[in-house]
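Following: one structure in structure tokens, then a few remarks.
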Number of protein chains: 2
Amino acid sequence: MAQRNILQFIILGLIHERPLTGYDLTKAFDNDIGEFWSAKHSQIYPQLKTLEAKALLTHTDEVTGEKLTRKRYTITETGQALLNQWLRAPTPESHNGKDEFVLKLYFIQQQNDPRLRPMLIEQLMLHEQRLNHLTQQLTTKFPTGANATDFGHFLILTHAVRRERDYTVWLQDALHQL
Amino acid sequence: MAQRNILQFIILGLIHERPLTGYDLTKAFDNDIGEFWSAKHSQIYPQLKTLEAKALLTHTDEVTGEKLTRKRYTITETGQALLNQWLRAPTPESHNGKDEFVLKLYFIQQQNDPRLRPMLIEQLMLHEQRLNHLTQQLTTKFPTGANATDFGHFLILTHAVRRERDYTVWLQDALHQL
DNA sequence: TCCGGCATGTAAACAGTTACATGATTAG
DNA sequence: CTAATCATGTAACTGTTTACATGCCGGA
């Protein structure tokens, strides 16, 4: 999935909100943002170096306790410019949606295949679980609906919720048709 | 996106239905299967070699016209066994869903940001277009609803349609909230 | 004291895209 | 004849994951 290094923009975007460490960035992908992109620390740390070399970020060393140091990165003006450029640019439609499970279904052609029902049920449980988790997130973070300030966050969460809800409905429909 | 070489299973799955050439396989990703996975010929041809080296496939040469030869691949018993093993195995839930557009929204926090509306409208048009195309596919390929034989194909298509419909509804909701 | 979380990095392997490269066949 | 499609391959590069590697800090 070689693209135009989307990761760099995500890093810039996150740091734009407030200065962050590599560790903070790594954690960010465990939360809602992880619903729509993922990255490991082994990809993040080198990328931070590259971005600093390009003067899109700068860092200052911080010390916790006696010895442990961390690097807190701040976005530069050039970095902000690049971020805005990315946001402004038209977004190519992502028909990436790689979904291993759906592919498996595709190869099981017979409606009466005995493997079908347990497979659908297994996925249904997984997605219902995820749906519950996301719904809970949404109601705790946005109990009164959309905020004016965290609107992007709100949109991303509602999208994730919708997506999972839709997935479960589709699975249930499929089960009913067996 | 290094995974456990899903591509090999897709190739095996497609060839399992009937013998195919590398070119046929490449084409397959332009159709509905392309909604849930993609691959270029530059990835497919080497993979076919590898699979043949592992005795999961065999090929016979065919000649069209005077000179042009193509390799038609057939799945072996070992290949079928591996395919079935994959189908049987539990599928890890795919929270891959990399979506560049949703990320952009996330970084635009202000509900009144003037960039928001045009961005949403642009995506809405793209996804509506795609939705129309998919709906048409569904009604032409399955005018009477699900078939007993092409059930997997039916499921994949309904899923793609749902996904796009859901996406457009979400975009419209977002627009109404501006 | 020990364990989980904080914190940062590198290396090797694999997956995927883009570009390079060549040639045959068919339909208009 | 000529353009689109058929047909197959390789090379270079980029992106992503897994594994290796190290050490500090705070709380139980």
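Everything numeric here is computed off the predicted structure, so don't read it as measured data. Chain A is the first sequence line, chain B the second, and so forth, proteins listed ahead of strands; every chain is numbered from 1.
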Centroid-centroid under 6.0 Å between A:F142 and A:H153 rings:
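Yes, the ring of A:F142 comes within the 6.0 Å limit of the ring of A:H153, centre to centre.
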Give the rounded distance in Å between these two atoms: [atom1] of [X] and [atom2] of [N].
X     : N      : atom1 : atom2 : answer
A:Q47 : D:dT17 : CD    : P     : 14 Å
B:I44 : C:dT17 : CD1   : C1'   : 13 Å
A:E52 : C:dT8  : CD    : P     : 12 Å
A:L48 : C:dT10 : CG    : C1'   : 15 Å
A:D61 : C:dT8  : CG    : C1'   : 12 Å
B:W37 : C:dA15 : CH2   : P     : 10 Å
A:N5  : C:dT17 : CG    : C1'   : 14 Å
B:R4  : C:dG16 : CZ    : P     : 12 Å

Just by distance, with hydrogens left out, do A:T21 and A:D24 show a side-chain donor and acceptor under 3.5 Å apart?
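Indeed, the side chains of A:T21 and A:D24 share at least one donor-acceptor pair under 3.5 Å.
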Applying the 4.5 Å side-chain criterion to the ILVMFWY set and letting contacts propagate, would A:L157 and B:V169 be lumped into a single cluster?
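No.
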With sequence neighbours left out, what residues match A:T64 under side-chain contact (heavy atoms from CB on, under 4.5 Å)?
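Scan of A:T64 (side-chain contact (heavy atoms from CB on, under 4.5 Å), adjacent residues dropped) gives A:R70.
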So, under a plain 3.5 Å distance rule, would you say the side chain of A:S42 forms a donor-acceptor pair with the base of D:dT18?
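By the distance-only test, yes, there is a pair.
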Write out a two-atom table: protein N or O, nucleotide N or O from nucleotides 4-8 of chain D, distance below 3.5 Å.
unit_1, atom_1, unit_2, atom_2, d
D:dC6, OP2, B:Y23, OH, 2.1
D:dC6, OP2, B:K27, NZ, 3.2
D:dC6, O5', B:Y23, OH, 3.0
D:dA7, OP1, B:R70, NH1, 2.0
D:dT8, OP1, B:K71, N, 2.9
D:dT8, OP2, B:Y23, N, 2.9
D:dT8, OP2, B:Y45, OH, 2.9

Which residues pass the side-chain hydrogen bond (donor to acceptor under 3.5 Å, both in side chains) test with A:Y73, not counting sequence neighbours?
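Scan of A:Y73 (side-chain hydrogen bond (donor to acceptor under 3.5 Å, both in side chains), adjacent residues dropped) gives none.
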Does a side-chain N or O from A:K49 land closer than 4.0 Å to OP1 or OP2 of C:dT8, or not?
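Checking A:K49 against C:dT8: no side-chain N or O falls below 4.0 Å of OP1 or OP2.
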When you measure from the side-chain N and O atoms of B:S38 to the phosphate of C:dT17, is any distance below 4.0 Å, counting only OP1 and OP2?
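Indeed, a polar side-chain atom of B:S38 lies that close.
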To the nearest 10°, give me the bend of the helix from C:dT1-D:dA28 to C:dG28-D:dC1, comparing the axes of its five terminal pairs at either end.
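That helix gives 30° between its end axes.
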Do NZ/NE/NH1/NH2 and the carboxylate oxygens of B:R165 and A:D166 come within less than 4.0 Å?
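Answer for the salt bridge query: no.
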Can we say B:D150 and B:K141 salt-bridge, meaning some charged N sits less than 4.0 Å from an Asp/Glu carboxylate O?
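Looking at B:K141 together with B:D150, the answer is no, because their closest N to O distance does not fall below 4.0 Å.
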Only pairs under 3.5 Å count here: list side-chain donor-acceptor contacts from residues 78-85 of chain A, not counting sequence neighbours, and write none if there are none.
unit_1, atom_1, unit_2, atom_2, d
A:N84, OD1, B:R115, NH1, 3.4
A:N84, ND2, A:Q80, O, 3.2

Please tabulate, one pair per line, all N/O donor-acceptor pairs under 3.5 Å involving side-chain atoms of residues 118-130 of chain B, not counting sequence neighbours.
unit_1, atom_1, unit_2, atom_2, d
B:Q123, NE2, A:T91, O, 3.1
B:H127, ND1, A:E93, OE2, 3.3
B:H127, ND1, B:E164, OE1, 2.6
B:E128, OE2, B:Q172, NE2, 3.4
B:R130, NH2, B:E35, OE2, 3.1

